[in-house]
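Take a look at the structure below.
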Amino acid sequence: MDEKYDPEKIELKWQSYWDQHGLMKVWEDPGKEKYYLLEMFPYPSGKIHMGHVRNYTIGDVVARYKRMRGFNVLHPMGWDAFGMPAENAAIANRTHPAKWTYENIDNMRHQLKRMGFSYDWDREISTCSPDYYRWEQWLFIKMYERNMVYRKEAYVNWCEHCQTVLANEQVEAGLCWRCSKTVRQKKLEQWFFRITDYAQDLLDYCDKLPGWPEKVITMQKNWIGKSTGAEIRFPIQNPPEGVQGEIPVFTTRPDTLFGATFMVLAPEHPLVSKLVGGTENESVVLDFIDRMATQDRSVRALENYEKEGVFTGSYCINPLSERKMPIYTANFALMEYGTGAVMSVPAHDQRDFEFAQKYGLDIIVVVRPEDRDLDPQNMKEAYTDDGIMVNSGIFNSMRNKDAMEKITDYLSQKGLGRKTVSFRLKDWGISRQRYWGAPIPIIHCKNCGIVPVPEKDLPVVLPENVDLLEGGKSPLPKLEAFTNTSCPACGKSNARRETDTMDTFVESSWYFERYCSPDCHNAIFDRDAVDYWMPVDQYIGGVEHAILHLLYSRYYTRVLHDMGLVKFKEPFTRLLTQGMVCKETVSCMEHGYLFPNQVETSGEHLNCSLCGKPVSIGRVEKMSKSKKNVIDPNVLLEKYGADTTRLFCLFAAPPERDLEWSEQGVEGSFRFLNRVWRFAIASMEEIKDVKAFDGNINELNDELKLLFKKTHETIQKVTNDIEERFHFNTAISAVMELVNALYAMEAEREAGKRVDEKHPERASVLRFVLDTIIILLSPIVPHLSEELWEKTGNRNSVLMAKWPSYREDALAKEELTIVIQVNGKLRSRFTVPADTQDEAIKKLALQDEKALKFIGEKPVKKVIVVKKKLVNIVV
RNA sequence: GCGAAAGUGGCGGAACUGGUAGACGCGCUGGACUUAGGAUCCAGUUCUGGAAACAGAGUGGGAGUUCAAGUCUCCCCUUUCGCACCA
């Protein structure tokens, strides 16, 4: 009976067993408490990588654990299947994005199944399927009806050569990634979601998400970026014909208004071209605007970016000081923030200060520190701290904090401004001029304007019979069979279908609701199912989605809530952001980065397999194809199997931290599983027909009693580690200790130290210990556990087993080790029966030989007794 | 620049509310079993001195609180991450 541990054999066996017996299927069961465990669904790029493996392993352990704790666990998986890589691959490989995507999905599904994850595959969804996106289109129309969607002009990265829009990551140093021509900012009519309507609510609820990592909450708050201040209107002096007479600005420092000496408009500000139209400044200004438009946004955001601007030739009037302020346009003013106009106060704002210095503009100090005066001539930088008001008319000598409010009040009374807030968060632009996405369900009619597609005509199916164009331009606008349509409102046939598709973040903003009833045909989801399952109890994914995906999902949930479709506002009760999977990089002088299999060992040295030269080991970095420090999960599966891979992912680091990949660590995990396997197989005969011990511990001898107690301690430790902190690494080491204890016991027996007869309860205790080890390990290494569970004579899948509880009596210590410190330093220790009183312990400690040695002649000043732990003698 | 997190053996990492620092694993050293083992089992492994008993030092650096500090407070250094012309 010396069966070897053969991971592949048993893993395939149990995967098909679970499948055939439908063990992973779930449905609503009002009699059971639900637990919705969700991992972020992947983009079907072709293969799963170690990041997925780690993410989904963590999730699977929790899902299986919660299930054994009696919860009705929803644990679904699907595909975030729209997006650009499919288009790129399609062009490169002369295939179709749909074909490419579905093939990838098949491959990745197969890989995930091979990992043994406990998904209910009947709930699988692909966002590129019309069954899915028709409800996204439906919701778009509902949002349109509620004025949650609107259209406005916005800038996109545009490559004139390829005639296409580019995503930010396709712009490399201001150039098109494909043709290396200059990318321009181009204005296009686009669709937007009014996420800013919810800015305040999204911010407020940040503090009502105790199950979220602090870090993510902070990132969300920063992203929403609320600031309080005032909107102030500056009249324009002699505005040209047909131009609004004033410039509204947003400022957080209304107290410095008297110090505003010039105005800066963003280059994109519509007023700029109007002000210079027909003037001598026109060509200079327009050149400047044009130059800014061709600049890559990332270049513009670079550190130490030189401030630069031009005078428009116009002036506006400071509403309080009545000073004539020149109007500039400059690169540091952003159209997206506030009103796109800045009242510049060089004395009290660093950017304005630098700009004023460069262009010789006036600096007026209006806030001075309490202990000194400021001389504008000699200032080296702006003074941005608090102080006392000066040069500010009736507000002089106030504290600037007080003046903020007073000035704002004064402005409101005079109708020159008002108190307001500004958010950094912008409305969500969802238009993509791309092919592989969900079509926006809108029809443009020459008579009726914008008309939503009627519900009965949904879905607007993305046509599959298209030729993708070199350069990445969407084929949709030229596809007449798609664009030509009749208007649903007036019936005229000269209407044109919208050809923009939706941002893929839209699909991922509600997929978790769709999982509740993935086959629902007559609604976006089944109301009862969503009421039962949602919200998600535990969401697990990478920090890279800490802002956009999570914020959009929170926003979408609010939209659904306000439409009365769901009862909750927050979709994810608890969030875990797992760390990255990292590995050292290896590179060769000649060949650059090397894949792990391009490195060969010769003696002590590591050499490049291409040229034989020695390689250098680089820093530990996130696994990435470009750095070649990747491990293919398939290779691990072949060599060690799914259980070892899972075990190592969990053991090497706690989930929220980065994990450093180590081949030797994987070996160690494999070795541990073999240890468990061998012990179980060796004990099989002995325990097969025996019931697990659950009797009076006093019936056991010392050896068995100790083992029995240790087992209960392990149950407690593992349960706490998983339940409270998801610290699987310490849970695993607790089980390792228990396994080591089993081996130690056998070693002692073999060494002949215990010649006494076998204790009558030995088999039953052993059975209890082994059953426990198998159950405790089963969420982590489910296949091995199933196999051993079966082999040791248990019935049913270990999935059906109940998570063990620990017996208080078995945890109770009989003896305590008391530590003796002298002046805080550890000097000695002794054991006492657990019920020894503090006074007695103190007495024993003061008699302790070693302790006395350190006390010597010195008088004892004080003795501190910490219950059940230690005695500190102060001399 | 602002904000957050983290610095513990040769390495990955333990140490719950201040109370035995280094669990568990890797690596290394020695031994056993073996034709052989890179398999397995056993023992050792923070550093310094010592054959050992034992003693001293020790959680990035420096101060402080405390009977007692990896853990709390202050200052500094380093690393990682996030934000960064946000008016």
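Each chain gets a letter, A, B and so on, in the order the sequences are listed, and its residues count up from 1.
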How far does the P atom of B:C76 sit from the matching atom of B:C2, given to the nearest Å? 11 Å
Using a 4.0 Å heavy-atom cut-off, does A:K853 contact any base of the nucleic acid, only the sugar-phosphate backbone, or nothing at all? sugar-phosphate
Could you state the atom-to-atom distance from CD of A:E621 to C1' of B:U79 in whole Å? 13 Å
Partner residues of A:T408 under the side-chain hydrogen bond (donor to acceptor under 3.5 Å, both in side chains) criterion, sequence neighbours left out: none
Ignoring hydrogens and geometry beyond distance, is a side-chain donor-acceptor pair present between A:Y337 and A:S227 at under 3.5 Å? yes
Rounding to an integer number of Å, can you tell me how far A:F332 CZ sits from B:A84 P? 18 Å
Tell me, please, which residues at least two apart from A:D6 pass salt bridge (Lys or Arg N to Asp or Glu O under 4.0 Å). none
Which nucleotide sits closest to the side chain of A:R424: B:C42, B:A87, B:A84? B:A84
A:F355 near the nucleic acid: base, sugar-phosphate alone, or nothing, with a heavy-atom cut-off under 4.0 Å? nothing
Of the nucleotides B:A87, B:C83, B:C54, which one has an atom closest to the side chain of A:L334? B:A87
Report yes or no: is there a donor-acceptor pair, N or O only, under 3.5 Å between the side chain of A:R351 and the base of B:A87? yes
Could you give the distance separating B:G58 and B:G64 at their P atoms, to the nearest angstrom? 15 Å
Please tell me if A:R678 has a side-chain N or O lying less than 4.0 Å from either OP1 or OP2 of B:C41. yes
When rounded to the nearest Å, what value does the distance between C1' atoms of B:G3 and B:C16 take? 29 Å
Here's a test of your reading of the structure: between A:T252 and A:T218, which maps to the more 5' nucleotide of RNA chain B? A:T218
Find the distance A:K622:NZ to B:G82:P and express it as a whole number of Å. 10 Å
What interatomic distance, in whole Å, is found between C1' of B:G13 and the corresponding atom of B:A23? 10 Å
Set of residues satisfying ring pair (Phe, Tyr, Trp, His ring centres under 6.0 Å) with respect to A:F679, sequence neighbours excluded: A:Y743
What is the per-nucleotide protein-contact pattern of nucleotides 16-25 of chain B, from the 5' end, where B denotes a base atom under 4.0 Å from a protein heavy atom, S denotes such proximity for sugar-phosphate atoms only, and - denotes neither? ---BBS-BBS
Pick the P atom in B:A6 and in B:C72, then give their distance to the nearest Å. 9 Å
What pairs with A:Y640 under side-chain hydrogen bond (donor to acceptor under 3.5 Å, both in side chains), at least two apart in sequence or on another chain? A:E663, A:E667
Secondary-structure string, 5' to 3', Watson-Crick or G-U under 3.5 Å, | for another-strand partners, for RNA chain B: (((((((..(((......[....)))((((((.......))))))((((....))))..(((((..]....))))))))))))....
Quick check: on RNA chain B, is the nucleotide nearest A:A652 upstream (toward 5') of the one nearest A:K862, or the reverse? Name the residue that is more 5'. A:A652
Can you tell me if the side-chain N/O atoms of A:S227 get under 4.0 Å from OP1 or OP2 in B:A87? yes
Determine, using ring centers only, whether A:F355 and A:F332 are less than 6.0 Å apart. yes
Can you confirm whether the side chains of A:R657 and A:Q578 place a donor and an acceptor under 3.5 Å from each other? no
Can you list, by residue number, the residues of residues 711-718 of chain A that have a non-hydrogen atom closer than 4.0 angstrom to RNA chain B? none
Quick one: label A:D658 by what it contacts on the DNA or RNA (base, sugar-phosphate, nothing), any heavy atom closer than 4.0 Å. sugar-phosphate
Tell me if the CD atom of A:Q200 is crowded by more than 12 foreign heavy atoms within 6.0 Å. yes
Side chains of A:D721 and A:T730: do they bring a donor and an acceptor to under 3.5 Å? yes
Length of the line joining A:M343:CE and B:A87:P, which is rounded to integer Å: 12 Å
Write down the distance separating the C1' atoms in B:C67 and B:U48, rounded off to the nearest Å. 29 Å
Taking only distance into account, with no hydrogens and no angle test, what donor-acceptor pairs under 3.5 Å do side-chain atoms of residues 864-875 of chain A form with protein atoms, sequence neighbours excluded?
from: A:K867; atom 1: NZ; to: A:D838; atom 2: OD2; distance (Å): 3.2
from: A:N872; atom 1: OD1; to: A:G824; atom 2: N; distance (Å): 3.0

In whole angstrom, give me the gap between the C1' atoms of B:G9 and B:A4. 29 Å
Could you work out, with salt bridge (Lys or Arg N to Asp or Glu O under 4.0 Å) as the rule, every residue matching A:R675, not counting sequence neighbours? none
Holding to salt bridge (Lys or Arg N to Asp or Glu O under 4.0 Å), I want the full list of residues that pass it with A:K380, two or more places apart in sequence or in another chain. none
Across the strands shown, which category fits A:Y743 at heavy-atom distances under 4.0 angstrom: base, sugar-phosphate, nothing? sugar-phosphate
Does A:K825 have a side-chain nitrogen or oxygen under 4.0 Å from the phosphate oxygens OP1 or OP2 of B:A57? yes
Taking salt bridge (Lys or Arg N to Asp or Glu O under 4.0 Å) as the test, write out the residues that go with A:K843, two or more places apart. none
Rounded interatomic separation in angstrom, taking CG from A:D721 and C1' from B:G13: 14 Å
Syn versus anti for B:G9, judged by chi lying within 90° of 0? syn
CG of A:N222 versus P of B:A5: gap in Å, rounded? 13 Å
Can you check whether any acceptor in the base of B:C81 is under 3.5 Å from a donor in the side chain of A:K215, or vice versa? no
Taking CD from A:E214 and C1' from B:G82, how many angstroms apart are they, rounded to a whole number? 13 Å
Any residue meeting side-chain hydrogen bond (donor to acceptor under 3.5 Å, both in side chains) with A:K221, in chain and number order, not counting sequence neighbours: A:D207
Distance between C1' atoms of B:C77 and B:A63 (Å, rounded): 15 Å
In this structure, how many angstroms lie between the C1' atom of B:G82 and the CG atom of A:L551, rounded? 15 Å
